[in-house]
Amino acid sequence: MREITKDSPYVAEVRGAGLYVGVEIVKDRETLEPDRLLTEDVINDMRDRRILINGTGPSANTLKIRPPLAFDSADVTRFLETFAEVAKNRL
């Protein structure tokens, strides 16, 4: 996730532990102003591609990625490829 979003001006931070990951979406890395609408766009684009994630945090601008326990390496590949496609278009 860090590699996919490293050049994005809209990603303030990628954080997490294990399979639980949060991607904080902002309007600008300098101001760190939350961007709830862009976060919702990313969530909806992922949903359109049959991957469910949601937003969390006080401003609902952090992508919350919590895969199911039955998540295998093929699922990881599918998720990362799909997220990279969405990120390329949105982030």
Side-chain angles (χ1 to χ4, degrees):
M1 299 297 291
R2 286 184 183 97
E3 184 65 26
I4 292 169
T5 61
K6 70 180 179 181
D7 295 324
S8 172
Y10 307 111
V11 175
E13 183 179 22
V14 176
R15 59 186 175 269
L19 289 177
Y20 294 105
V21 178
V23 179
E24 187 176 353
I25 308 295
V26 295
K27 292 183 180 183
D28 181 306
R29 276 189 181 180
E30 297 297 317
T31 65
L32 298 179
E33 181 182 349
D35 195 335
R36 182 179 185 163
L37 294 179
L38 181 55
T39 304
E40 289 174 4
D41 287 342
V42 171
I43 291 166
N44 289 330
D45 285 358
M46 294 292 286
R47 183 178 299 126
D48 291 346
R49 291 163 175 81
R50 304 182 56 83
I51 294 178
L52 300 178
I53 60 174
N54 56 359
T56 191
S59 299
N61 70 306
T62 300
L63 299 173
K64 180 170 56 171
I65 301 160
R66 300 180 311 159
L69 289 177
F71 205 66
D72 64 22
S73 61
D75 296 319
V76 171
T77 300
R78 179 172 169 260
F79 176 84
L80 291 174
E81 288 174 351
T82 303
F83 184 77
E85 179 183 329
V86 170
K88 179 180 175 185
N89 294 326
R90 292 283 183 181
L91 303 174

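Since we're looking at a predicted model, the values are computed, not measured. Every heavy atom of this structure was used, including side-chain atoms; hydrogens, water molecules and symmetry mates were not.
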Tabulate below the donor-acceptor pairs under 3.5 Å that side-chain atoms of residues 56-71 make, not counting sequence neighbours, or state none.
from	atom 1	to	atom 2	distance (Å)
Asn61	ND2	Ile25	O	2.7

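- Judged by distance alone, the side chain of Thr39 and the main-chain N or O of Gly55 form no donor-acceptor pair under 3.5 Å.
- Note that CG of Leu38 is 7.5 Å distant from OH of Tyr10, once rounded to the nearest 0.5 Å.
- The CZ atom of Phe79 lies 4.5 Å from the CE atom of Met1; values are rounded to the nearest 0.5 Å.
- Arg2 approaches Val14 most closely through the heavy-atom pair NH2-O, 3.0 Å.
- Atom CD1 of residue Ile4 and atom CD of residue Glu85 lie 11.5 Å apart, to the nearest 0.5 angstrom.
- Linking Ile, Leu, Val, Met, Phe, Trp and Tyr whenever their side-chain heavy atoms come within less than 4.5 Å puts Val86 and Val76 in one cluster.
- Distance check: Arg29 CZ to Ser8 OG gives 6.0 Å after rounding to the nearest 0.5 Å.
- A donor-acceptor pair under 3.5 Å links the side-chain atoms of Asp75 to the main chain of Asp72, judged by distance alone.
- Under a hydrophobic-cluster definition in which Ile, Leu, Val, Met, Phe, Trp and Tyr are linked whenever side-chain heavy atoms come within less than 4.5 Å, directly or via other members, Leu37 and Leu91 are assigned to different clusters.
- Val23 and Leu32 are assigned to two separate hydrophobic clusters, defined by single-linkage of ILVMFWY side chains at heavy-atom distances under 4.5 Å.
- Rounding to the nearest 0.5 angstrom, the gap separating the CZ atom in Arg36 from the CD atom in Glu40 is 5.5 Å.
- Arg15 and Glu24 get closest at one heavy-atom pair: NH1-OE1, 3.2 Å.
- Under a 4.0 Å N-O distance rule, the pair Glu3/Lys6 qualifies as a salt bridge.
- If you take CE on Met46 and CD1 on Ile51, they are separated by 4.0 Å, rounding to the nearest 0.5 Å.
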